[in-house]
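Structure first, commentary second.
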Amino acid sequence: PVSVHVAMDPARSVRFDVYTDEQWRGLDSGDRSVKPLAHGTPNDDSGGDLFCEGSARSGGMYHVQVYSITGREVRFWIFRK
């Protein structure tokens with residue numbers, strides 16, 4: 001299993017999506033029909049940080065896209081627990 005956690009400042013100011021390498025290449029080539037493999041979910045136990053946990057049948061590279069939902073400059077940190 002893998003877990004991704006994103007903390008931010010200010011709180012609740014970003015979201016994130018997780019993509020496989022194949023999905024990411026599709027986005028890079030302009031395919032806007034690509035949907036993320038997973039999304040960050042609010043973790044109310046840690047002040048609104050986001051997390052995503054899961055497992056895959058095969059290994060490989062995954063991409064995490066973090067984006068502001070406030071329209072303002074934000075700071076964020078990606079980490080594993």
Side-chain angles (χ1 to χ4, degrees):
V2 66
S3 64
V4 176
H5 296 258
V6 175
M8 69 217 68
D9 180 29
R12 293 176 171 75
S13 60
V14 303
R15 292 196 179 151
F16 77 85
D17 296 324
V18 178
Y19 296 91
T20 65
D21 197 43
E22 182 178 344
Q23 290 173 310
W24 194 254
R25 285 193 310 271
L27 285 174
D28 187 47
S29 69
D31 182 356
R32 298 296 171 223
S33 68
V34 174
K35 302 292 183 219
L37 176 68
H39 304 279
T41 302
N43 183 354
D44 293 327
D45 293 335
S46 62
D49 293 351
L50 300 175
F51 76 102
C52 180
E53 296 180 335
S55 61
R57 293 186 179 144
S58 61
M61 185 178 301
Y62 292 85
H63 301 266
V64 177
Q65 181 184 41
V66 181
Y67 52 94
S68 171
I69 58 172
T70 65
R72 297 181 179 173
E73 186 174 309
V74 299
R75 297 184 310 161
F76 63 89
W77 304 263
I78 300 174
F79 60 96
R80 297 181 339 192
K81 280 194 173 179

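- In this structure, the separation between OG1 on Thr41 and CG on Leu50 is 7.5 Å, given to the nearest 0.5 Å.
- For Ser68, the side chain to side chain contact (heavy atoms under 4.5 Å, CB included) criterion is met by Thr70, Val74, not counting sequence neighbours.
- Annotation: the span from Phe51 atom CZ to Phe16 atom CZ amounts to 9.0 Å, rounded to 0.5 Å.
- Between atom CG of residue Asp17 and atom CG of residue Leu27 there is a gap of 9.5 Å, rounded to the nearest 0.5 Å.
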Point to revise | Verdict with supporting geometry, Gln65 and Trp24, side chain to side chain contact (heavy atoms under 4.5 Å, CB included) | key: CA-CA 10 Å; Gln65 181 184 41; Trp24 194 254; 4.1 Å; yes

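- Listed by chain and number, the residues in a side chain to side chain contact (heavy atoms under 4.5 Å, CB included) with Arg25 are Asp21, Glu22 (sequence neighbours excluded).
- In terms of modelled atom types and a separation under 3.5 Å, the side chain of Glu53 and the main chain of Val2 share no donor-acceptor contact.
- Evaluation of the side chain to side chain contact (heavy atoms under 4.5 Å, CB included) rule for Ala38 yields Val18, Cys52 as partners, not counting sequence neighbours.
- Of the inter-residue distances, the one linking Arg15 atom CZ with Ile69 atom CD1 reads 4.5 Å to the nearest 0.5 angstrom.
- Checked against the 6.0 Å centroid criterion, the rings of His63 and Tyr19 do not qualify as a close aromatic pair.
- If you chain together hydrophobic residues whose side chains sit under 4.5 Å apart, Leu37 and Val34 never meet in one group.
- In this structure, Phe79 and Trp77 approach most closely via the heavy-atom pair CD2-O, 3.8 Å.
- Counting only N and O atoms by type, the side chains of Asp31 and Ser29 include no donor and acceptor under 3.5 Å apart.
- Residues Tyr62 and Val6 share a hydrophobic cluster, clusters being chains of Ile/Leu/Val/Met/Phe/Trp/Tyr side chains in contact below 4.5 Å.
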